[in-house]
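Below is one structure, written out as structure tokens, with a few remarks after it.
Here is the naming used below: chain letters follow the sequence lines, and residue numbers restart at 1 for every chain. If you're wondering where the values come from, they're calculated on a predicted model, not measured in any experiment.
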Amino acid sequence: MRAYYLPHLKELEAEAIFVIREVVAQFERPALLFSGGKDSIVLSHLAKKAFYPAKIPFPLIHIDTGHNFPETIAFRDALVEKLGVQLIMGSVQESIDKGRVREETGVNASRNALQTVTLLDTLEEYKIDAAMGGARRDEEKARAKERFFSHRDEFGQWDPKNQRPELWNLFNGRKHMGEHFRVFPISNWTEMDVWQYILKEQIELPSLYFSHERDCIVRDGVILAHSEYITLKPEEKVERMVVRYRTCGDMPITGAVLSEANTLEMIIEEVATTRTTERGTRADDKRGETAMEDRKKQGYF
Amino acid sequence: MSIQENNQLLRFTTAGSVDDGKSTLIGRLLYDSKSIFEDQIEQVKASSEKKGFDYVDLSLLTDGLKSEREQGITIDVAYRYFATPKRKFIIADTPGHIQYTRNMVTGASTANLAIILVDARKGLLEQTYRHSFIASLLKIPHVVVCVNKMDLVDYSEEVYNRIVQDYEGFSSKLDIKDVQFVPISALKGDNVVERSKNMPWYEGSTLLYHLEHVHIASDINHIDCRFPVQMVIRPHTLEHQDFRGYAGRIEGGIFKPGDEVKVLPSGFSSRIKSIELNGEPIAEAFSPMSVTMTLEDEIDISRGDMIVRPNNQPEVTQDLEVMICWMNQRSLQPRTKMILKHTTKECQAMVKEIQYKVDVNTLHRIEGIGEIGMNDIARISIRTAQPVFMDGYRRNRQTGSIILIDPNTNETVGAGMII
């Protein structure tokens, strides 16, 4: 006799698909926030499964900081083509040009914080009432308290102390005019779950995730790709390194790890034995102990 | 960390107050299963030093929000993850004070198992009763009572036995099927992950061993077939011109292609033509699978409808008797109109009557009350504007649960279990 239980990856998949379908059922204009990172790639894969044989019934939104890895952009365009979905782009450069935000200066300048304005402007322009993202609760301590359906007020703000209770699988997406929701279908996945799922489903990823040679600099213990967006300090020098990325953010703030892992199996082996969190390589989280919570309250991803 | 692909997932909840060692226990489980990373530990060490502590405060690891860290308490439910080669675990970590009953209820709603911490020096306290009552109310199938701080009572078998006896006496009044006891010291690590050398008299398993092996496959209802329809999938493409699939999650029973089914509320009958996901056929679909189902006949079906088997149907009714946990600052009065959510259905509802309130510390019923306030648990009668297709919560946690939404604020104000 067979056992009637789901292995954990199947259970997590079923949960995510349920949430994605709830979003389409409960909201008028949902969208998927696509960063080009593995989590949002997994999310678009889940969305495809949720509605097959119909196409994904919502657009992907990409907030282009202008500092993206070229590999990410090429991958995004190919995926959009393959899925046959609409791509909406929000440009941080445009927000800067329009004077909506002011670019940071100095050697640690990044466009990470500026994205929030562009994101909120884009959601408003397209009247998006539910923006799905690939954030996970295991990533960061403020995200550990995030709901699947996360309410945002008319300023796009998150109020962590006043979140709606979320019970069983009854998700409350009701809102007033001008408010919107952020929805996180893979809330309960860990980094390992994501990798195992990518392997099991044979999901294609940008080449950045696999071991490659690259010109890098080391700043505050973080390996950064050398690019036109980065200003070298006098003592810093460019070195050729064999690296790969565990997350995919902007070039000037996403740290690489030294790695020879060039297959999914090798990456899973590496993730299993690694002793730092994946966001440990993100300079944007190192701006203080509550950096993520503070940005999330403003309307960050 | 595990690299197994086919592990079961166990969701458990912990409730606890300051000083009862909950954070230490979670820290111990995460640490000993190697789920804490170096940069997380470094951050916690730095914060502990900044606060002037001469020890590493593991609770800083589990308290996420700024206000929580400032006040040194857990306010909200936090979810944590760890894995062993045997299983994957999701912890719903909740505060234990009475003013956070609603958070405990939230954490308990999806849990297979509850850990209840008892301080060996203090024995059973009001909060033990409260946490146990919530576990029983939310029908968490398994409870583990951890008698903690055994190191502070000289690892005394007598102390442990007395607490076990007291708890067994009290819990016989509750509806908990499976209770296990483990004497532990979360601080010293006795019987959490490693077997204790200090308590040779204890012959049971360690806490982690129990979490890894407790039988959870039977927690899910595989008898009563329930498929609430989430949405209808119609591709409108040349290739799939006539495709009409019903998307949803199986909430009970086992569905197979060829099965005769009945659709509620219309009452039409048909047979299952296919069950699939992403175009791949599924031979047997059971909870909690998300699937797409097609039927032999073209029937008008929409979100909120339920596909069931003709010989095993849920109760179709507009009158519900519910145990409610009130979650909002504004209290609930009879005759208030609300929005009720049950499976994928949403409709108007009115609270007709408040029968009684339960004192969560003593389990006594308090009758003749006019309103219920935040964190109260009460039995109420609800009338819905449309029929709902329900099972008792005891029989099915998914088709037996509701939430109430305030139509003015859109907040989730109540969580209910159908009696």
Please state whether the side chain, the backbone, both or neither of A/F171 comes within less than 4.5 Å of a heavy atom of chain B. backbone

Quick one: which of B/R249, B/E411, B/Q230 has the most heavy-atom pairs under 4.5 Å with chain A, could you say? B/Q230

Heavy-atom cut-off 4.5 Å, strictly under: side chain, backbone, both or neither for A/E22 against chain B? both

A/W189 and B/Y81: aromatic ring centres closer than 6.0 Å? no

If I measure from the heavy atoms of chain B, does A/R164 come under 4.5 Å with its side chain, its backbone, both, or neither? side chain

Out of B/V291, B/V105, B/I216, which one racks up the most heavy-atom pairs below 4.5 Å with chain A? B/V291

For the interface with chain B, which of A/G173, A/P165, A/A50 has the highest count of heavy-atom pairs at distances below 4.5 Å? A/P165

Please check if any side-chain donor atom of B/T412 sits under 3.5 Å from a side-chain acceptor atom of A/N172, or the reverse. yes

Using 30° and 60° as the class boundaries, would you call the ring planes of B/F286 and A/Y4 parallel, tilted or perpendicular? perpendicular

Verify whether the ring centers belonging to B/F82 and B/F89 lie closer than 6.0 Å. yes

Return the option, out of B/K341, B/E251, B/H236, with the maximum number of heavy-atom pairs under 4.5 Å with chain A. B/K341

Tell me, for A/H151 versus chain B, whether the close heavy atoms (under 4.5 Å) come from the side chain, the backbone, both or neither. neither

Turns out that what part of A/A16 lies under 4.5 Å from chain B's heavy atoms comes down to neither

In plain terms, say whether B/R80 and B/D93 are close enough for a salt bridge, that is, a side-chain N and a carboxylate O under 4.0 Å apart. yes

Given B/H342, B/M327, B/R303, the one with more heavy-atom pairs under 4.5 angstrom with chain A than any other is B/R303

Given the options B/L138, B/L10, B/I402, which has more heavy-atom pairs under 4.5 Å with chain A than any of the others? B/I402

Indicate whether the side chain of A/R137 and that of A/N188 have a donor and an acceptor atom separated by less than 3.5 Å. yes

For A/E179, is it the side chain, the backbone, both, or neither that has a heavy atom closer than 4.5 Å to a heavy atom of chain B? neither

